[in-house]
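Let me begin by presenting the structure, written as structure tokens, before commenting on it.
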Amino acid sequence: MGGETESTVEIRSDGLPVDDVVDYRGRPVFSRSTYGGWSSALFIIGVEVAERCAYYGISSNLITYLTGPLRQSVASAAANVNAWSGVSMMLPLLGGALADSVGRYRTIVIASILYVLSLAMLTLSAVSPALRPRECPSNGDLGGCLPPQFQSGFFFFSLYMAAIAMAGHKPCVQAFGADQFDENDPEELKSRSSFFNWWYFGMNGGMIFTYLFVNYVQDEIGWGLGFGLPCVFMALAMVVFLLGTRTYRYVLPSAKPGFSSNQWKKNSPHADENQPLILGSKEEDESVSGILRLFPIWASCLMYAVVFAQSSTFFTKQGSTMDRRIGPSFRVPPAALQSFISISVVVFIPIYDRVLVPAARTFTGRPSGITMLQRIGIGVVLSIASMVVAAFVEMKRLRYARELGPIETVPMSLWWLVPQYVLFGASDVFTMVGLQEFFYDQVPDGLRSLGLGLYLSIFGVGSFVSSFLVSAIDGLSRRDGDSWFADDLNRGHLDYFYWLIAGLSSVALVFFVYFSRDFHYKVKGAL
């Protein structure tokens, strides 16, 4: 997939500074071993591990909190989770644009402080007697047990504050990590491609801990500690990031290749903030056209994001209706099954990076083995397979439920859900990592934080699309009886919803292949 344009990769000469890069004091970087490279990237990967622990410590089990202490219906809770996820993934467009103007390092520090504050408020909403929803009897009148508006309001204010913090954190940290590698050096170019793989590997390693430990704490011990742990993780992330300050390479925001090294001092932590940056109209027009050419790929990947939204909503609610026992007393938290996505990523990324890429490289001659768009397309196919498997499993679960009559827990093992999670995890290795590298590499050089914000916005818009579909289908299906998303899922039809998403994703895949065939990469060396 994707047309090709010829270009060459310039090889650095020893003794010359790395182009357009300074150290933390604003001086040109001559030593690759002292500044940047894997030693700096590992600090930044560590930050991402901690931040993802914090984010998924909230998002992975949020639907359980909304349908539990906040007493929302399944459909309303799913719509709210999708809406919050949408905002979380859309705001990085603004955060990325800001970082490309004022500097990634400063944006990350400010966003981290706001992130810790919002998570502390979220924890307070679960432990303060004045802010915590009161417990209700399991068989009582839940309608008369709804939390007061100010309690729900404080919770959602804290939640959306975390979304604002993520807007400055998520696109900048990843772009800042990729900045530690010089794309004009062949070896560092290879390392940068691997960076995106190992970035996602580390991130999913942290998420496994969240799914297995934090979700258990939330379900079995309490939401106060369950929200407090993400706050601690985020505080640790900020400390780790600051520890690496003296080792990083800093790139001037919105700069263009070929500027002198003196012009690159603005982005370092100790640089002069008043140094002006002037862009001509020609450069601005090229930046706009460089972004717009990515739009067809962006739009044709939206249905992948709709599939992505189901793993933390309806997949989790499915699991809550099934037999979750291990041994005589231990019950697996439904959200913990999301760990199989991360486990799949952790297993497949080394295989992809160390086996599949070198094998493909011998046939294609490309540093990355296959093109970024080919990688994305393979993952989309796997995501469709995940939804098809989920639909078949749900059909089987519903048959059990209807044969046995009114029951709360279907005597069907939770492990039936594992294949759909594993398939989705495998698709992540291809599509998620491919999208990250694609939108970092193919935007104009001075807009790479914005490029990663554009990548995240796919999942923001996809979450909104998912929320719209759930709300619209819920309203329409209630007219003929039970909703597809009935609070008692044994009376619903999640299988219909999964088949619908699989069908729409297949149509989107056709458009993706069509647009990919005519796409011309900006730099051949980045394939």
Just verifying a value: how many Å separate Leu489 CG and Ser320 OG, rounded to the nearest 0.5 Å?
6.0 Å
Over 60° means perpendicular and under 30° means parallel, so classify the ring planes of Tyr55 and Trp84, tilted if in between.
parallel
What is the minimum heavy-atom distance between Thr123 and Cys231, and which atoms define it?
OG1-CB, 4.3 Å
Could you tell me if Ser73 and Ser76 have a donor-acceptor pair between their side chains, going purely by distance under 3.5 Å?
yes
Closest approach of Leu70 to Ser152 (non-hydrogen atoms, all atoms of both residues)
CD2-OG, 4.0 Å
My understanding is that only one of Ile349, Val418, Val422 makes a side chain to side chain contact (heavy atoms under 4.5 Å, CB included) with Ser344; could you say which?
Val422
Determine whether the side chains of Asn61 and Thr64 contain a donor N or O and an acceptor N or O closer than 3.5 Å.
yes
More than 12 heavy atoms of other groups within 6.0 Å of Arg491 CZ
no
Set out, in order, the CA-CA distance, both residues' side-chain angles and the distance that settles side-chain hydrogen bond (donor to acceptor under 3.5 Å, both in side chains) for Glu51 and Tyr115, then state yes or no.
CA-CA 9 Å; Glu51 189 275 336; Tyr115 218 146; 2.7 Å; yes
Does the side chain of Arg402 reach to within under 4.5 Å of the side chain of Asn490, using non-hydrogen atoms?
no
Heavy-atom donor-acceptor pair, Gln72 side chain to Thr67 backbone, under 3.5 Å
no
Report the C-alpha separation of Val433 and Arg375 in whole Å, then their side-chain angles, then the decisive distance to 0.1 Å, and conclude whether the side chain to side chain contact (heavy atoms under 4.5 Å, CB included) test is met.
CA-CA 9 Å; Val433 182; Arg375 181 173 186 172; 3.4 Å; yes
Just wondering, more than 12 heavy atoms not from Phe515 lying within 6.0 Å of its CZ?
yes
As an exercise, state the distance from CG of Leu454 to CZ of Phe295, rounded to the nearest 0.5 Å.
9.5 Å
Do Ser158 and Ser118 have side chains that get closer than 4.5 Å, going by heavy atoms?
no
Non-hydrogen atoms of Ala130 and Phe150 that approach each other most closely
O-CE1, 3.1 Å
Picking from Phe315, Trp415, Phe340, what satisfies ring pair (Phe, Tyr, Trp, His ring centres under 6.0 Å) with Tyr421?
Phe315
Checking side chain to side chain contact (heavy atoms under 4.5 Å, CB included) for the pair Leu302/Val306: CA distance, chi angles, key distance, verdict?
CA-CA 7 Å; Leu302 290 177; Val306 174; 5.7 Å; no
Taking atom CH2 as the centre, does Trp416 end up with more than 12 heavy-atom neighbours from other residues, nucleotides or ligands that are less than 6.0 angstrom away?
no
Ring center gap for Phe155 and Tyr65 short of 6.0 angstrom
yes
Without swapping roles, check the side chain of Ser386 against the backbone of Gln420 for a donor-acceptor pair under 3.5 Å.
yes
Can you check whether Phe348 and Phe430 have ring centres sitting under 6.0 Å from each other?
no
Just by distance, do the side chain of Asn82 and the backbone of Ala78 share a donor-acceptor pair under 3.5 Å?
yes
State, with a plain yes or no, whether a side-chain heavy atom of Leu500 is found less than 4.5 Å away from one of Ile473.
yes
Residue from Phe512, Phe438, Tyr514 passing ring pair (Phe, Tyr, Trp, His ring centres under 6.0 Å) with Phe519
Phe438
Check the surroundings of atom CZ in Phe363: do more than 12 heavy atoms from other residues, nucleotides or ligands lie under 6.0 Å from it?
no
Step by step, work out the side-chain hydrogen bond (donor to acceptor under 3.5 Å, both in side chains) result for Asp323 and Ser413.
CA-CA 5 Å; Asp323 184 358; Ser413 173; over 6 Å; no
Looking at every non-hydrogen atom in both residues, tell me the closest pair between Ala502 and Ile384 and how far apart they are.
O-CG2, 4.1 Å
So do the side chains of Val214 and Phe233 get within less than 4.5 Å of each other, counting heavy atoms only?
yes
Are Phe209 and Phe213 an aromatic pair, judged by ring center distance below 6.0 Å?
yes
Side-chain (Ser483) to main-chain (Arg478) donor-acceptor, under 3.5 angstrom
no
Arg397 versus Thr321, side-chain donor and acceptor atoms under 3.5 Å:
yes
Could you tell me whether the side chains of Asn215 and Ser60 share a donor-acceptor contact shorter than 3.5 Å?
yes
Met395 side chain near Trp499 side chain, heavy-atom distance below 4.5 Å
yes
Indicate yes or no: at least one non-hydrogen side-chain atom of Ser457 is less than 4.5 angstrom from one of Trp298.
yes
Can you find a side-chain donor-acceptor pair between Asp428 and Tyr304 that sits under 3.5 Å?
yes
Using a 3.5 Å distance criterion without hydrogens, assess whether the side chain of Gln374 forms a donor-acceptor pair with backbone atoms of Thr371.
yes
Indicate whether any N or O donor in one side chain lies under 3.5 Å from an N or O acceptor in the other, for Ser125 and Trp223.
no
Quick one, Thr431 with Ser383, criterion side chain to side chain contact (heavy atoms under 4.5 Å, CB included). Give me CA distance, side-chain angles, the key distance, then yes/no.
CA-CA 9 Å; Thr431 297; Ser383 74; over 6 Å; no
Within the 4.5 Å heavy-atom criterion, are Gln442 and Met372 side-chain neighbours or not?
yes
Ser427 side chain to Phe424 main-chain N or O, any donor-acceptor pair under 3.5 Å?
yes
Just checking Phe511: does its CZ atom have more than 12 heavy atoms from other residues, nucleotides or ligands closer to it than 6.0 angstrom?
no
State the OG-CE distance between Ser85 and Met90, to the nearest 0.5 angstrom.
13.0 Å
Spacing of CG belonging to Leu417 relative to CE belonging to Met322, to within rounding of 0.5 Å:
4.5 Å
Before you tell me yes or no, could you show the steps for Met432 and Tyr455 under side chain to side chain contact (heavy atoms under 4.5 Å, CB included), namely the whole-Å CA-CA distance, both residues' side-chain angles and the distance that decides it to 0.1 Å?
CA-CA 9 Å; Met432 193 75 76; Tyr455 142 72; 3.2 Å; yes
Would you name the heavy atoms of Gly202 and Val49 that are closest together and state the gap between them?
O-CG2, 3.1 Å
Nearest heavy atoms of Leu398 and His493, plus distance in Å
CD1-ND1, 4.0 Å
Test item: Val345 and Phe201 side chains (from C-beta on) under 4.5 Å apart, heavy atoms
no
Arg293 atom CZ: more than 12 heavy-atom contacts under 6.0 Å:
yes
Examine Tyr496 together with Trp484 and report whether their ring centres are nearer than 6.0 Å.
yes
For atom CZ of Phe156, decide whether the heavy atoms of other residues, nucleotides or ligands shown that lie under 6.0 angstrom number more than 12.
yes
Between Ser471 and Ser467 (side chain of the first, backbone of the second, donor and acceptor by atom type, cut-off under 3.5 Å), is there such a pair?
yes
